[in-house]
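Read through the structure below, which is laid out as structure tokens, and then see the notes.
Below, chains carry the letters A, B, ... as their sequence lines are ordered, and counting in each starts from 1. No hydrogens, no waters, no symmetry mates; every other heavy atom, side chains included, goes into these values.
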Amino acid sequence: AQSVTQLDSQVPVFEEAPVELRCNYSSSVSVYLFWYVQYPNQGLQLLLKYLSGSTLVKGINGFEAEFNKSQTSFHLRKPSVHISDTAEYFCAAYHSGGYQKVTFGTGTKLQVIP
Amino acid sequence: DAGVTQSPTHLIKTRGQHVTLRCSPISGHKSVSWYQQVLGQGPQFIFQYYEKEERGRGNFPDRFSARQFPNYSSELNVNALLLGDSALYLCASSDLTGGLYGYTFGSGTRLTVV
């Protein structure tokens, strides 16, 4: 079963507009959740993580995400996007116990339109 | 400090051949995880190593193997290459939790099998 599901494969948005990238997680995973960004021809970079505490998590580059246990969601938001935010974004979950690993969603390509 | 270094950056191999990919984690990290990212998909977990021991293995055939050296660098080996092995192979460096506080990724090795 998929641990994290990214509902949108591509999201076009105009520059300076707000954006939300959606992620839902399986209730069977531990609630350690992440968002990573991948720029073309590069590895992944950690944007933010939720381990415990406040459900609103702030990350780098002005991004934030809200952990919602009742809706099993961890959506990523930015109030105003820039051209430089064009990249692919991956939601991920950490699995503890037994084998430790991080599983990734299928990714959402954010295309910022000038 | 140097980041996670992977070598080579690109290579082309023929079906049936063998390939070795290399990774050096960032200073202070003792865990290395390997991921395969096929074009258009999220990274898929292959292996995690900590202190030279395998701590996790994903759903990959026995053609895939890895090891970690005393200096914490790692090698990923793939035998009898198939066209479907063409992908970006990512190395992720972390502390002993294997990614709980986030990974630091290398830029990857782009493998093309022809």
* Heavy atoms of other groups near B:L83 CG, more than 12 under 6.0 Å -> yes
* **Rounded distance (nearest 0.5 Å) linking atom CZ of A:F34 with atom OH of B:Y101** => 9.5 Å
* To do: Tell me whether A:L46 is reachable from B:I26 by hopping between hydrophobic residues (I, L, V, M, F, W, Y) whose side-chain heavy atoms are closer than 4.5 Å.
  => no
* To do: Is it possible for you to say whether A:V13 and A:I83 belong to one hydrophobic cluster, with membership spreading through side-chain heavy-atom contacts below 4.5 Å?
  => yes
* Using non-hydrogen atoms only, which part of B:Q37 is less than 4.5 Å away from chain A: side chain, backbone, both, or neither? -> side chain
* Would you kindly confirm whether A:V57 and A:I60 end up in one hydrophobic cluster when ILVMFWY residues are joined by side chain heavy atoms under 4.5 Å apart? => yes
* Under 4.5 Å between side-chain heavy atoms, hopping through other hydrophobics if needed: is there a path connecting B:L88 to A:F90? -> yes
* Asked: Do A:F104 and B:Y35 come within less than 4.5 Å of each other through their side chains, counting heavy atoms only?
  -> yes
* Asked: Do other residues, nucleotides or ligands put more than 12 heavy atoms under 6.0 Å from the CD atom of A:Q111?
  -> no
* For atom CG of B:N71, decide whether the heavy atoms of other residues, nucleotides or ligands shown that lie under 6.0 angstrom number more than 12. => yes
* Asked: Considering only heavy atoms, which portion of A:L44 lies under 4.5 Å from any heavy atom of chain B: side chain, backbone, both, or neither?
  -> both
* Which members of residues 7-24 of chain B, sorted by number, sit under 4.5 angstrom from chain A on a heavy-atom basis? -> none
* A:Y36 ring center within less than 6.0 Å of B:F105 ring center -> yes
* Residue B:L100 versus chain A: region with a heavy atom under 4.5 Å -> both
* Looking at B:P43, B:G58, B:G40, B:G108, which has the largest count of heavy-atom pairs under 4.5 Å with chain A? -> B:P43
* A:Q6 portion near chain B, given a 4.5 angstrom heavy-atom threshold -> neither
* Asked: B:W34, B:F45: one ILVMFWY side-chain cluster at the under-4.5 Å cut-off?
  -> no
* Asked: Restricting to pairs with a member in residues 37-67 of chain A, which pass ring pair (Phe, Tyr, Trp, His ring centres under 6.0 Å), not counting sequence neighbours?
  -> A:Y25-A:F67, A:Y50-A:F67, A:F63-A:Y89
